[in-house]
Structures are given as C-alpha cells and as structure tokens.
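Notes for the one structure printed next.
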Amino acid sequence: MRSRLLALATLALALVLGGCAHPIQLVPEPTQLVGQGGANKIDRPVVLMVTDAQLSQEVVSPGGGGDKVSYKPYKDLQTGMYIVLGEVFTTTRLANGPQDPRIGTDPATIVVTPTITTTSYSPSLFTWPPTIFTISLEFAFRDTSGARTLTTVRVQGEGRAEFDEFKSDFSLSSKRAAQDVLARMIKAIQEQGDALRRWSTAARSGDGAAPH
Amino acid sequence: MTFTLPRLSSLVLVLLAALLYGCAIQAPAYSPSADAVERARNSGIQPATVGSFTIKPGATGAESISLRGNTMASPVGGNYAAYLAEALRTELRLAGKLDPQSRLEISGRLLGNDIAAGGFSTNSGYIEASFVVKHAGQTRYEAVKRADASWDSSFVGAIAIPRAQQQYPVLVQQLIGTLWADPLFVAALK
C-alpha cells in the first residue's frame, strides 16, 4: 500500500511538473568583462541594436530528467553585449530598432545586430538543471541604413556545472556559458578591428569603395 | 543494487525535495540593465564613491527573505543593505563613474524589502531605501525611494521559487532606476 502511494505521488509530481519549464538565467558577471579589451580601442561609434521582440523572446530547451528550462537570452545577455562593445569601441550606444534616433546620422557609425542560439543538456534522471550549456553569439556589423553588412563575427561559449556546484545556483552552467561567450567575443571583434576601422574611415569620407 | 519502482520513486522524491525545498538559497548576483549603464554613462555626473549602507532597525527582510519556506540570503555582505550598496557600486563601475577616492559619496539605509512567493498565479515584491549624496561631508541630496513589482507565478514551487528569486535583482534595478530618473539626484552628483 505504502509503495503504491509513493508511486502515485511520483506520478502526480511528474504530472504537475510535466509541461512546466524551470526558469534559469544567462546573466554573466559584467564587471569581470571590464578591462578585457585593453586600451587600444576602435575610435568609432557603435550601436547595439536589440529589439523589444528579442528582449521578450523566451526560449525553452532540455534540462535533466525529461524536464525543460526556460530563459530570455537577449534580455539576459544585453548588458554583457553592451559591455563587450564598450571594451572594443570608444563610443557605445543602445537602440531598439532601425528607426531608433539613437543610431544617429554619422555615416561612420557601426550598427551591431546580435543573433543568439543556445543548447542545453543534462544526463541526469533526477535533477533538472542543465549540466552543459552552450551559447552561440553572432554579431552582424552593418552600416546605419542596415543595407550593408560589413562583417559578421561568430563565437561559441560553453558552461558546465555538476550537482555539487549547481545545487545553490540552478543557472550555473548557463551563466558560465554567458561569461565564456562574451569574453570570446571581445577577442573575436578585436581581430576584425583593422577592417572595421578602415570601413568606418572610408564611410566618413564618403568613399564608396569602402572595404568589406 | 536493484531499484524497484517504489524505491526509485522514493529516491526521486527525496532528491527532489532536497533539491527544491527547504534549502538556503541566494539572491542572484546583481547585474544592471544596459539602459541603466548607458543612462549613468551619459548623465554627466562626476565619479563617486559608495559609502555605508545600513539597515533600519526592524526592517522587513533585511537579513533574509522567505520564499515558500526557502531562505534567500544576500550573496554579498550577509544582508540586503550590502547587496544594495554593491549593486550601486557595480552600476557606477560599469558606467565608468566609480572612484573610491572621490569626495562625492552615495550612502543609504535599507528600510525594507520582501517578496511574497506564496501566490499560485501572481507574486509580488518591494524594496524601499533612503539615499544620501554628500560632497566633502556636506549633504546635497536626501530622498526615500521605493520599487514594487509583480510577476506571473505558478502552483509548482520548482517554478515559482526560482522565478521569485530572479525577481530580486530586478527590484533593485528598478529602485536604482528611480535614482537616475530623479534630476535632483543627478544634479547632486555633478
């Protein structure tokens, strides 16, 4: 009788939890990104454009034990992406769409539109927090009209966390992935620094033959 | 060792109970919104230091907040006044406006904060604090600020508790946002 009750309780719990996604976060510690870009910044204005639709977008992906996790990648990573650009460029602004006046009229301004994709996984049968989380972050660098893509930079970050670690922070693997991908993005943009400087200089002087 | 279904079920329940309930949890570390960092960068304020943040005697939730039987503690300083001070420090640092040697100092007192996580459909929370800006010891600004928020919740604790936990830094973001929106606060830091 007792074992039957336990089985029923487990089934009830599974039914209650089934279909629910556990909320986690992809928020990095942005202060740890400060200083990673060094002193040699690109002396051009850059605008990070994240739309309201992206900020409210919720993603559901697998956790452990057949459960799912949910999160808002653009909302959670927006501050980190803004800090990343501030580590590489001298002037950084935010915009929430192509018509946002904060983009301005300076032809040398570079507009960055991010694309985020994620994966999550846990081999555990009993615990739902992901033990492995990956984030792919792509920055498309465009002119202010959005018509021309200057370059695209794509990096991937990974975070891992085991039960002993994540039992006090269920978002640990995703936070580690966020920290990793943003640190990688700083280096990846710096590798494109010369090309971005050349394009921006040419755009400001009205040279239509600006390098791609 | 062979697990029969009931034994496995018991194990699942015990593990779930251990994982989800009755645990001491921490509020997430503070991360400001990008808008807040940009607003602080463009505010024209002078770099400032963050002084002491105290707790009003008897303030609700100053040491810990209960979320359906889980005790949520501050990850810094052992209380939420320290959390608030660190949040302000983080925001100023990211905006390039933090200078521990500055004669401009922001200090404060936590008057109370709490999160009601027991609701099955919605939950709510608040934080209230007083802030003081001094320049070389002279008070330039003094005000009480408060932020309130409500959010969708769930009957299931495994959903409702993390969701409530994640709302705490959002409340603090909103509270600090009321400071940046106050022209007298910004003027006091110029």
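Between atom CD1 of residue I25(B) and atom CZ of residue F170(A) there is a gap of 7.5 Å, rounded to the nearest 0.5 Å. For the atom pair CZ of R41(B) and OG1 of T91(A), the computed distance is 9.5 Å after rounding to the nearest 0.5 Å.
In plain terms, the two heavy atoms of D35(B) and R102(A) that are nearest each other are OD1-NH1, 4.0 Å. Considering all non-hydrogen atoms of both residues, T31(A) and R93(B) come closest at CG2-NH1, 3.7 Å.
By the 6.0 Å contact criterion, CZ on R160(A) is open, its count of non-hydrogen atoms from other residues, nucleotides or ligands being 12 or less. Summarising the local packing, NZ of K134(B) is surrounded by 12 or fewer heavy atoms from other residues, nucleotides or ligands at distances under 6.0 Å.
Heavy atoms of N42(B) lying under 4.5 Å from chain A are absent altogether. Proximity to chain A involves both the backbone and the side chain of R163(B), based on heavy atoms less than 4.5 angstrom apart. Heavy atoms of I83(A) lying under 4.5 Å from chain B belong exclusively to its side chain.
Checking side-chain atoms of Q166(B) against main-chain N and O of P23(A) turns up a donor-acceptor pair under 3.5 Å. In this structure a side-chain-to-backbone donor-acceptor pair under 3.5 Å is missing from Q26(B) to D169(A).
Side-chain contact between S31(B) and E29(A) is absent, with no heavy-atom pair separated by less than 4.5 Å.
Put simply, of A36(B), A29(B), S33(B), the one with the most heavy-atom pairs under 4.5 Å next to chain A is S33(B). Per-residue counts of heavy-atom pairs under 4.5 Å with chain B were compared for I24(A), V34(A), V27(A); the largest is that of I24(A).
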